[in-house]
Amino acid sequence: MTRPAEGGIFFPLGSGLPVEVQALRLPPTSKRSIEPRRLQSPVAELPGVGRVTVRRFRDLGVTTVGDLLLHVPYRHEPPARVVSVAALRAGEEATIRVRVQSCAVKTTRKRGLKVLEALVADETAMVRAVWYNQEYLVAAFAERPEILARGTLIQRGGATSFVVKTHEIVGAGSEGLHTVGLVPMYPASGDLSVKTIRTVLGKAAPYARHFVDPLPSALRAARGCLSKADALLAYHFPAALPDARAARERLAFEELLLLQLALLLRRREAQAERSAEPLPSPGALTAAYLDSLPFTPTAAQRRVMSEIDGDLARPVPMRRLLQGDVGSGKTMVAAYALVRAVEAGGQGAVMVPTEVLADQHAARLRAQLAPLGIETRLLKGNQPAADRRDTRDGLARGRVGVVVGTHALIQQGVTFRELRVAVVDEQHRFGVRQRDALVEPPPGRPWPHTLHMTATPIPRTLSLTLYGDLDVSVIDELPPGRTPVQTRLVFPEQRRAMWALVRKELAAGRQAYVVCPLVEESETLQAAAATAVFEELRAGELAGFRVELLHGQLPPAEKQAAMDAFQRGEAAVLVCTTVIEVGVDVPNASIMVIEGARRFGLSQLHQLRGRVGRGAAASRCLLLCDHDDPDALSRLALFARTGDGFKLAEADLRARGEGQLFGERQSGLGDLRVARLLQDRRLLYAARREAVRLLEGDPDLSGPVCLLLAEAVEERFAEVAHWLDKA
Ligand code: ADP
Ligand code: MG
């Protein structure tokens, strides 16, 4: 491999250096000295970098030599063989070293592309080489006809040509950088070619030594890490793939470690700013609650309850995320935390994203808590004003122990006498500000303990990054006695038979959901689609059964009526949109039909499917699909055979990227330069462990060993605090 020549590129003092650097009167730099401030030199100081290139780099966010060196490749092209022209084989990428004999520019008839055609030859043969849209090369070749060209020999019709992907002029100082050996590929912007980036990087390479390595040396030794400078050089200019891989790992590990430290430091900080009232140990009321349950908690539920007990005993507010698949029994755990709050003389609040869910939680909690003498109230947008007033008054005076509500809880200026535990269900539907608005106490008062819940299983890679600032509990065990939901793909020609099956179930006294296709563009369209399906079924396949319609745009009273009718078993079928995705619980519903299944993400389908299989009866989930989309079919087939929400979430993550799953919170992760969550999960776990270990030894990273690390965290992820506050 060819390394760029090293000599002579340090900038002369006193010429165009930033004033503050000049003022320091640095001695002329020796090649051996390490001077991090040299990384601040503008890219313009590199030889051969003109104003246009500087501007184009700026568009990529690269202004200094340091930025440039951190602009890392996203992959490396394997080496192309260097062969003689005679040895070129059609269809195989190779590099030839040739002399340009003659060239001409032609314009293609169809699309008007400018094509540069040149006859090139070495001592074995001659071939017609072709470049697209690079007619300006004619002049360059006239001056220096010796070139290295990397490309592919194409034979079409009777014609043979060598289509050049990249080339370089021999003797221009960067021989082989672009065509021979492993070639790093950079994320380039439209105007700045990968080739220019590589050339300029060649000039910047000697500066790599000026990077301070933030990793403590003991850690480096333990992991067998390259130094930062070595890793950067090896990544930009690897001799072989394993070198590139080792270098990438080193850089990715550093990045993930800094991120984990930033997250954990942020959590410490948030907790230091907020104090909470430790709750006394569980007593008679809590015992009565546990006794009153109609079932024995699973081992996973017991484990989470004891994790919560641990949190509640501390003088800092609990910040725990409870994840559990649909039906895993999160509600009883949440109720446990609420009872603990009331027993300690305080109050509990549950905030949920939809009114349907609010009604349901309120009804269930009321049934469980009333026998314990705890008054539970519901607070939502459309309620008689007198009810709302009464609830608010009860909360302010402490008469009401538990309140369940929608956004109304925060919009209507509810004050609590003593809020001790707040539960936020489907927490990803709320922003941090909304959650804080619920829990922020009057000045000087303690913060409540907060339990966030989500039924969307989050792969550990994501929860460690997105929610790295929360403690995470997982209920990874379903209550006993559940029969898995039978899931089947149904093709158009099987629809009649499917509806016959649905009718049979309904006739046997079961109930069914029919979920309408997802229309992401507009709620109005979505509602229209649901209405159409509803009308059609009511008059057609499901004539004779009571069918109800539920979608987000119905007036609240109609929504309520539809839900009630279905919940009470008066309606046999609920035609609905994804409003039922969260939390609706009708154990007698044993069949779910999902129209246009391919439009949903697997996690979302999993949420929907979780609405059936809640009772003793064997349940079915039927996915309507077409034959004509193989990708969709294989996704749906995976769904049909997988009941594990975490596996499905990972599949979604692979197929659709992180952003699709978790929206705003991940936007801050767009900043990862080297690491990739899925690919680097092993490194991520290692980084998390290392971060926890380092902070155990040095809680704010102020000791001498971690000093450089702390600075690097600040420099690289200062914005973490910012996006955690926003998301
Ligand atoms: P999630 O909110 O996690 O989706 P729920 O809390 O709604 O799940 O629980 C689903 C159903 O399982 C409820 O009907 C609940 O009463 C029941 N359940 C919860 N825990 C247990 C358990 N340990 N044993 C039996 N049934 C349980
Ligand atoms: Mg639930």
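The first residue in the sequence is number 1, and the count goes up from there. First listed ligand is number 1; within each ligand, the first listed atom is number 1. None of the values given here were measured: they were computed from a predicted structure.
Within the structure, ligand 1 lacks Val333 among the residues with a heavy atom less than 4.0 angstrom away. Contact between Ala455 and ligand 1 is absent, with no heavy atom of the residue lying under 4.0 Å from the ligand.
Below 4.0 Å from some heavy atom of Asp325 lie the following atoms of ligand 1, by number and element: 3 (O). Applying the 4.0 Å criterion to heavy atoms of Gly329 picks out, from ligand 1, the atoms 1 (P), 3 (O), 5 (P), 6 (O), 8 (O), 9 (O), 19 (C). Residue Arg364 has at least one heavy-atom neighbour below 4.0 Å for each of these atoms of ligand 1: 7 (O). The Thr296 neighbourhood of ligand 1 comprises atoms 22 (C), 23 (N), 24 (N), with distances under 4.0 Å to a heavy atom of that residue. Within ligand 1, the atoms closer than 4.0 Å to a non-hydrogen atom of Pro297 are 23 (N), numbered from 1 in the order shown. Ligand 1 places these atoms under 4.0 Å from at least one heavy atom of Thr331: 2 (O), 5 (P), 6 (O), 7 (O). Distances below 4.0 Å separate heavy atoms of Thr298 from the following atoms of ligand 1: 23 (N).
For the pair Arg609 and Phe639, the distance from NZ or CZ to the six-membered ring centre is under 6.0 Å and the angle to the ring normal is within 45 degrees.
Side-chain contact check for Arg598 versus Cys625: every heavy-atom pair is 4.5 Å or farther apart. At least one side-chain heavy atom of Gln567 sits under 4.5 Å from a side-chain heavy atom of Gln360.
Of all heavy-atom pairs between Tyr289 and Met332, the closest is OH-O, 2.8 Å. Residues Ala640 and Leu489 come closest through the heavy atom pair CB-CD1, 4.0 Å.
The closest side-chain donor-acceptor pair between His449 and Asp311, if any, does not fall under 3.5 angstrom.
Using a 4.0 Å cut-off between charged side-chain N and carboxylate O, Glu307 and Arg320 make a salt bridge.
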